[in-house]
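Step one of this worksheet: look at the structure below.
Here is how names work: the chains are called A, B, and so on, in the same order as the sequence lines, proteins then strands, and each is numbered from 1.
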Amino acid sequence: MTSMTTVEIGAIERELRQLWSESAEKAPDGQAVIRALTLNLIACTHDAAHADRMTDAIQQLTASHPSRAILALLQPDAPEPRLDGFVQANCLLSRRGTPQVCGEQITLDARGSAVQQVASLILALLVPDLPVVLWLSHPDPFADPLLTRLRSVVDRVIVNSQAFAHPTKELVHMAELERAVSSGGLALHTFAISDLTWASLTAWRELTAQFFDTRPLLPHLRRIDHVTITYQAPGGANNPVAGLLFAGWLASSLAWVPLEDAVSIEAAQIRFHLRRPAVGVGPDAIRLVTIDLCPVEAAIGVTPGMLALHLEALDGVTASFRVDRTETPGYALTTATIAGMEPISRLARCEEPGLADLLAAELRLRHRDQTFSDALRVAGLLAARLRWDM
Amino acid sequence: MSDLPNPLRHGLRIGRTPEPCTVVIFGASGDLTSRKLVPALYNLAHERRLPGGFSVVGFARRPWDDAQFRQVLLDGVNANSRSGAVEAELWASFADGIHYQPGSFDDPSAYALLAARLTELDLRRGTGGNRVFYLATPPEAYPEIIRQLGAHGLHQSPHGGWTRIIIEKPFGRDLASAQALNQQVLAVFAEPQVYRIDHYLGKETVQNIMVFRFANGIFEPLWDRRSVDHVQITVAENLGVEDRGGYYDHSGALRDMIQNHLMQLLALVAMEPPVSYDADAVRDEKVKVLRAIRRIRPEEVATYTVRGQYDAGSLSGRPLPGYRDERGVDPASQTETYVGLKLFVENWRWAGVPFYLRSGKALPRRVSEIAIQFKTVPTMLFAETPMHDIEPNVLAIKIQPDEGITLKFGSKVPGQPQIRPVTMDFRYGTSFGVASPEAYERLLLDCMLGDSTLFTRRDEVEASWSLITPIHQGWLASPAQPFPNYEAGSWGPTSADEFMARDGRTWRRL
Ligand SMILES: NC(=O)c1ccc[n+]([C@@H]2O[C@H](COP(=O)([O-])OP(=O)(O)OC[C@H]3O[C@@H](n4cnc5c(N)ncnc54)[C@H](OP(=O)(O)O)[C@@H]3O)[C@@H](O)[C@H]2O)c1
């Protein structure tokens, strides 16, 4: 790892070349060091401590997504303008006799007015013909000037909605932006949006969907009329983003439509009313669904995430589908109870994914995640009903 | 089975889970069950791929109860699961669905008890009549079990569920016995219910052969007689017969390995692009390849085949007794533990291109690969220079142990007038950094989902036996071989090298 006083593209490229030829010399005869690059990953933060966590995650990703990573630590409020660059190879420990796989990371540390130079450096450092992913980890990502400067080359923007400064307001904004970029309305070149909070719901979505892979249980899905979503969030009741996204997913998948002004807030619980397509009755019949969001303040050191989900059909044959996080961390108990039948339950693994896992899940996507777009659209509608911090 | 219109499935990042079902394992106290099958099922549960209500019923003679059976399986999973030691809570939930039915395969009352068990599970665990019968038994038992299942009406499910049957290898020992077994199976089950397993097809790299060939535009134009000099398919094992001597001595490498695994690999490299990636389209193309292979007549075996049997030697630093000294083996055995074959696929694409197959036990390394050797370039260009020594390009698809693809090509040595072969190496392990599922996981899941693409169809098995059987007959009719003829831990008999040398070629050094 070398520090450079002035950041110059030529110097960075020389450093990179040297890194690779050093590794090649060390490799046994006839064995190549594999330089496998699958994408350009630009990770941007304003917080030095967070930059370390991002580097960790990038290193963990070397195996599945070896990339040219450019980590930009931007501190615009620093008094002295200053720009430093470092180069490092992220190599995996390899088994004996197997070649080493390495990715490469360039760190740009910019302070004060030098922050404005960063976009041009990044543009010069991208590996051609590979996707460009921009990971923005600060609380106000869509207002970042870097996004504006890079938008013509970026294929995917990764954010974390749960960490937004104004979660519901930003969620509404993200939903609008997503709609605009996905309709191609903004420019010729559009990017996809990924949200790590959405990614963290995957296991829960899967456990929920699995109930209804079973033919006899499927008909009950259309009859659900009450949903309770309990989750932990940083900021507790003020941060319903994860719950909104989950509710948005259920609603968009099942064609539930939020009613105007039908939101009630009681203590920490938020209740939404939606209309769902009727089953087995005349076309004009209206059926209502309520969704309760029950946020729980996440204790310090506890990973936020879903705690429990309860889907019920009360009208007619009662059917209930529960997923509950267990006392032992890392598992969830799923239980389906249909009136007149034995309840069917099982324990399933349901670990809280780490940052690298969430990123990897998003990087695996080649295109827009339509399910996310749909869920986000409804989550945005629900968030707008809340009229919080608007 | 059609796709369920589960609206929550849309865009989920993980594939469908099967419907709740009961897997009935015949031969449940045996080695395969605790070493492969139940570890695979546990791993599927671990990956959240099994639904609530999923159940297992084991069937064998030992007078165990549920608790004893669960303990045996737990030990097996702890020793053999790729996800490491069992997670206690997860196991407890999984084991709740495991039951044991003692009985002999020929005892009708045991099947009546089994049927009652299954009905009870359908009600209590919501398995809805869905069943997989897995025959993990000595092959002699297959016909009896199938007949009994039919006699007890277990070949069909009550209340609209599905019933499938998985049959382990070996499927027959020659063409006639394979045909007979097919008849016995199909007298009770319909072909779409039958899943003949060849665990090689469950390996990721094997599935990747098709992806590699048909999802990349640059290889297919080279994939024929104009560009390819020959193909070598190797499946080498670095073990002796271990405690399977009694079985193996009546089988041999030709029937134990070539008839199924190597023929499947050959079919996948040589086949035409299927019209779609569905079970019958893929298998239709594989059958066409098998049918296009020129038969080796019994009197031609000396020309197109070579055999060996290992003598005492040492494997991975440990002494190994000779094959004839293994338990269960006839001291004068003529059974081959090594086979080399030269086959020709007589169709438009492959006419004249030899496919060399070899498989053996007690070889130095465990390795399976398919190597496509391309024709050498006309060397006039570099003939008068120190660069005349050009090696042909080789594309090797490695199946185990390090799954991946390598391409060998010539490159100029910097600063010197010399060409040196270099290899470009792609490995799944290091490129994707995620462990591939075990073959049995994939195959069990596919069967539960009703996808038979990776299983062998009736006509495929018979087409393969119709090639293998005349070779075997030819061997029986030829003079006794000077067995043993290779040392354990070597790359096979010298006759195998001579076999290649006659064609001016050599086996790849692996
Ligand atoms: N093991 C492997 O790695 C492997 C690999 C590929 C294919 N296979 C195939 O898988 C099959 C099973 O192999 P395996 O190694 O597991 O065999 P195994 O260890 O010999 O087990 C045979 C099983 O069959 C049961 N059995 C035998 N006769 C019976 C009868 N009359 N009634 C009831 N149960 C009976 C035995 O139970 P009891 O002793 O309790 O009666 C035992 O559970 C074979 O077809 C083999 O070729 C095995």
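Between A:Arg346 and B:Phe54, the closest side-chain pair of non-hydrogen atoms is not below 4.5 Å. Residues B:Leu8 and A:Asp213 form no side-chain contact, since every pair of their non-hydrogen atoms from C-beta on lies 4.5 Å or further apart. The shortest side-chain heavy-atom distance between A:Leu218 and B:Pro5 falls under the 4.5 Å cut-off.
Residues A:Gln210 and B:Leu50 come closest through the heavy atom pair OE1-O, 4.5 Å. A pairwise comparison of heavy atoms in B:Pro20 and A:Thr214 identifies CD-OG1, 3.1 Å as the closest pair. Nearest heavy-atom pair across A:Glu342 and B:Arg124 is CB-O, 3.7 Å. Contact detail for A:Ser253 and B:Pro7: the closest heavy-atom pair is O-CB, 3.6 Å. Between B:Gly11 and A:Thr371, the closest heavy-atom pair is CA-OG1, 3.3 Å.
Open room surrounds CZ on A:Arg275; 12 or fewer heavy atoms of other groups in view lie less than 6.0 Å from it.
In terms of non-hydrogen atom pairs under 4.5 Å with chain A, the most contact-rich of B:Gly126, B:Gly53, B:Ala92, B:Pro51 is B:Pro51. Between chain B and the residues A:Leu365, A:Thr334, A:Thr328, the largest count of heavy-atom pairs under 4.5 Å involves A:Thr328. With chain A as the partner, the residue from B:Arg125, B:Glu89, B:Glu47, B:His46 showing the most heavy-atom pairs under 4.5 Å is B:His46.
Rounded to the nearest 0.5 Å, atoms OG1 (B:Thr17) and CZ (A:Phe212) are 11.5 Å apart.
With a 4.5 Å cut-off on non-hydrogen atoms, B:Arg48 touches chain A through its backbone and its side chain both.
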